[in-house]
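Every chain is numbered from 1, with letters handed out A, B, ... down the list of sequences. As a basis for the values below, the full set of heavy atoms in this structure was taken, side chains included, without hydrogen atoms, waters or symmetry mates.
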Protein chains: 4
Amino acid sequence: MAESTKGRILKAAVYMFSVYNYYTTSMAMIAEKAGVSKGTLYWHFASKEELFRELLVKAADYFIKVFKTTAQKSDISAVEKLYELIKLIVEAPEKKYRIKSILSKNAQFISQKSKEKLLEKREEIIEVLAGIVKQGIKEKAIQDGDPHQLAIAVLAVIFNPHGSWLIDELRDKEEQANFIFGFIMNGISTKGELK
Amino acid sequence: MAESTKGRILKAAVYMFSVYNYYTTSMAMIAEKAGVSKGTLYWHFASKEELFRELLVKAADYFIKVFKTTAQKSDISAVEKLYELIKLIVEAPEKKYRIKSILSKNAQFISQKSKEKLLEKREEIIEVLAGIVKQGIKEKAIQDGDPHQLAIAVLAVIFNPHGSWLIDELRDKEEQANFIFGFIMNGISTKGELK
Amino acid sequence: MAESTKGRILKAAVYMFSVYNYYTTSMAMIAEKAGVSKGTLYWHFASKEELFRELLVKAADYFIKVFKTTAQKSDISAVEKLYELIKLIVEAPEKKYRIKSILSKNAQFISQKSKEKLLEKREEIIEVLAGIVKQGIKEKAIQDGDPHQLAIAVLAVIFNPHGSWLIDELRDKEEQANFIFGFIMNGISTKGELK
Amino acid sequence: MAESTKGRILKAAVYMFSVYNYYTTSMAMIAEKAGVSKGTLYWHFASKEELFRELLVKAADYFIKVFKTTAQKSDISAVEKLYELIKLIVEAPEKKYRIKSILSKNAQFISQKSKEKLLEKREEIIEVLAGIVKQGIKEKAIQDGDPHQLAIAVLAVIFNPHGSWLIDELRDKEEQANFIFGFIMNGISTKGELK
DNA sequence: TATGAATGAGAGTTCATTCAT
DNA sequence: TATGAATGAACTCTCATTCAT
């Protein structure tokens, strides 16, 4: 089955927005990458912002699916779920990784524009995470705080837009995942080791 | 002493870049806010990017000073230093807060452009933080990892650009500082409570 | 009999061109109003201009018919014919009035584009009017000038595109028709009353 | 004294809008005609519509001045004033004539956009004309109707946008002016000859 | 006949930058 | 030092038109 034009555009947009950013990516660049004319972009999307929003919604949906899949597993602990999630995201293949890159890179624009639906999606992701956190609290593995707040903090670390904080330091993806997991779980204090 | 034109421009730029971002702030906007002509901007700065870079260097220098002042205190522990730093940044007055806002909001652009000097500054900040971490390790309050990596992680949380993750949730600044401090120190696991 | 597609398009075009104008009416708008696709427009008409021209020809034919019907009446004077015509046009029902509106609003574009056939139609209308004028001259009711010129002047007043000069002033259509008739017949001087 | 850039742009715009119309005249065309870059247009005018509006206001002001100059003459009758006005407009030199052309050609757009100030101007012109009509009524040369309505009718004939109704028929400008004056004063009936 | 996806030329507009004064 | 007028490249977006189905 041939790929739809809209799909090709979205794919090209994902690529361009991940390499550059919302402002440095022009509609002409996306059109060229997708191999269609500029006009075609506007047949499928009302505006650049609309295209971006749709792409973000798709990206959010992807993560919601990933998060939910892990969250719904009934046979593993909350901590194991968190570890799995972090590994999934950090070790994501090139293609999927771009989606995270866009979300990280352009996170600031999300909340400023295209509010409504996007904020809903964000809330949905947080809720899923909060569910895991709640489970962790029940299991006495996670401290007894507001699950919502803790989920937000975890999310902020996972989608940290600082380019790639540790990528330069820890080349190995497994090492990265472990470091992030350790940091989220225990912070930097020694307390963990007191145990 | 009357404020220098260059100073007025920089101040106006800080304001504009913190309210908007690098791309949505135009030279005209900065000029107007500063009360000078666009031409004057170009007498003091070679380009928009140069102006932005200089501003970022100034912002970095500000934080280096703040960080160093705290780091150099000889009578308090590393953990106390970290708490002090987080409080200083989270509870910064409106004016100083803008600087953090720029750094957070435009963090992604920093590493892509204006590399050289800026990366040096970043490294300098990390080094100061790493010094505190080292002290903490010596004091057995911080886990025995790579101080450099730990410092980067701490920094990423402090300058997290996700708008304001918790601002909407925790209105009280002291509460915010405590939450961030707790998160950095202990993560989300229960082990922290053993302490 | 179901209305033909072409007829539906023409009707939609009449509506759109009367509400907006040639340039602010897009093919997409006409297609939507007609309930057909843009492609269909191009099956029935070679181009936007062609569609417009055809519409104008239809409009002209309508007025030719109206004018001729009145002109051919054998039992009334030229002056009565003129009065009848003006009433017919001014008091035309909403639907017919649109046709006049297009002619008035877009008159300027007629002579610049789509010349040939349209100018013939215009000439035909003028000839019919000139015929009435000639009758009036014979009847010594209209001054002895060039009937062609006088017909043009009358037409220009009737199809005056100044939005609706008097519509705002004279709400009553009969009043409007009387004013226009009076103006065409006697101008603004008192002479008529001298008689 | 060198002509100002803004003046050059306005002049170029007058030319282009008189030869073409609002929609078929592009900013690029005006810029080229004026010998400046497109960007310069936007230094002097906020938008195409703004430029057009300013031009229309200037055109209206020109006619207000012309009308007032004639209206204020204390030694001639209202009828003589009207004749003078018509001659002034019909026989206007090429350059001034363009202004009338724009007003006639784009009259329809005037009332749709740029309302406020422009409608005031129109009203001002009508008032001046109405003043002349009032004088005519007092002198018993003009019929005793609503001066405002009569003025509108006169204006509509003078600024009739039907391309140039009589231009093709009456090449001689004096002849044109006489015909229009005759038409406005006496219409087409024979009564005029009683005078 | 009819559709709707695709095109591409060109529209209005913005903005970092330059430069004569 | 400072100005503001001018530039031109690039931008987002529109729309008459085409064409495979």
Could you pull out all residues at least two apart from [X] that satisfy salt bridge (charged side-chain N to carboxylate O under 4.0 Å, His left out)?
X: A/R98; result: A/E94
X: D/K33; result: none
X: A/E120; result: none
X: B/E32; result: none

Output all residues satisfying side chain to side chain donor-acceptor pair (under 3.5 Å) with [X], sequence neighbours left out; order by chain, then residue number.
X: D/K121; result: D/D61
X: A/S37; result: A/T40
X: D/T5; result: none
X: B/K6; result: B/E54

From [atom1] of [X] over to [atom2] of [N], roughly how many Å is that when rounded to an integer?
X: D/Y20; N: E/dA11; atom1: OH; atom2: C1'; value: 16 Å
X: D/L41; N: E/dA11; atom1: CG; atom2: C1'; value: 13 Å
X: A/I30; N: F/dC11; atom1: CD1; atom2: C1'; value: 13 Å
X: B/F45; N: F/dT1; atom1: CZ; atom2: C1'; value: 14 Å
X: D/E32; N: F/dT7; atom1: CD; atom2: P; value: 13 Å

Notebook entry, point to check: Between A/H44 and E/dA6, is there a side-chain N or O to OP1/OP2 distance below 4.0 Å?
Noted result: yes

Checklist line | Presence of A/W43 side-chain N/O under 4.0 Å of E/dA5 phosphate oxygens OP1/OP2 | finding: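 For A/W43, the contact criterion (side-chain N or O under 4.0 Å from OP1 or OP2 of E/dA5) is met.
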
Checklist line | Closest-nucleotide 5' rank along DNA chain F - winner of D/T40 and B/G35 | finding: B/G35

Check: Tell me, which of residues 5-16 of chain B have any heavy atom that sits under 4.0 Å from an atom in DNA chain E?
Finding: none

Note to self: Between A/I102 and A/F52, is there a side-chain heavy-atom distance shorter than 4.5 Å?
What the structure shows: yes

Checklist line | Bracket notation of DNA chain E in which parentheses pair within the strand, [ ] cross earlier pairs, and | pairs with another strand (Watson-Crick or G-U, under 3.5 Å) | finding: .||||||||||||||||||||

Check: Are the ring centres of D/F63 and D/F159 closer than 6.0 Å?
Finding: yes

Find every protein N or O atom lying less than 3.5 Å from an N or O atom of nucleotides 16-20 of chain E, and list the pairs.
residue: E/dA16; atom: OP1; partner: B/K48; partner atom: NZ; Å: 3.2
residue: E/dA16; atom: OP2; partner: B/M27; partner atom: N; Å: 2.8
residue: E/dT17; atom: OP2; partner: B/Y42; partner atom: OH; Å: 2.9
residue: E/dT17; atom: OP2; partner: B/K48; partner atom: N; Å: 2.8
residue: E/dT17; atom: O4; partner: B/K38; partner atom: NZ; Å: 3.3

Next item on the list: Mind jotting down which residue pairs meet the salt bridge (Lys or Arg N to Asp or Glu O under 4.0 Å) criterion with at least one end in residues 10-20 of chain A? Sequence neighbours excluded, please.
Entry: A/E3-A/K11

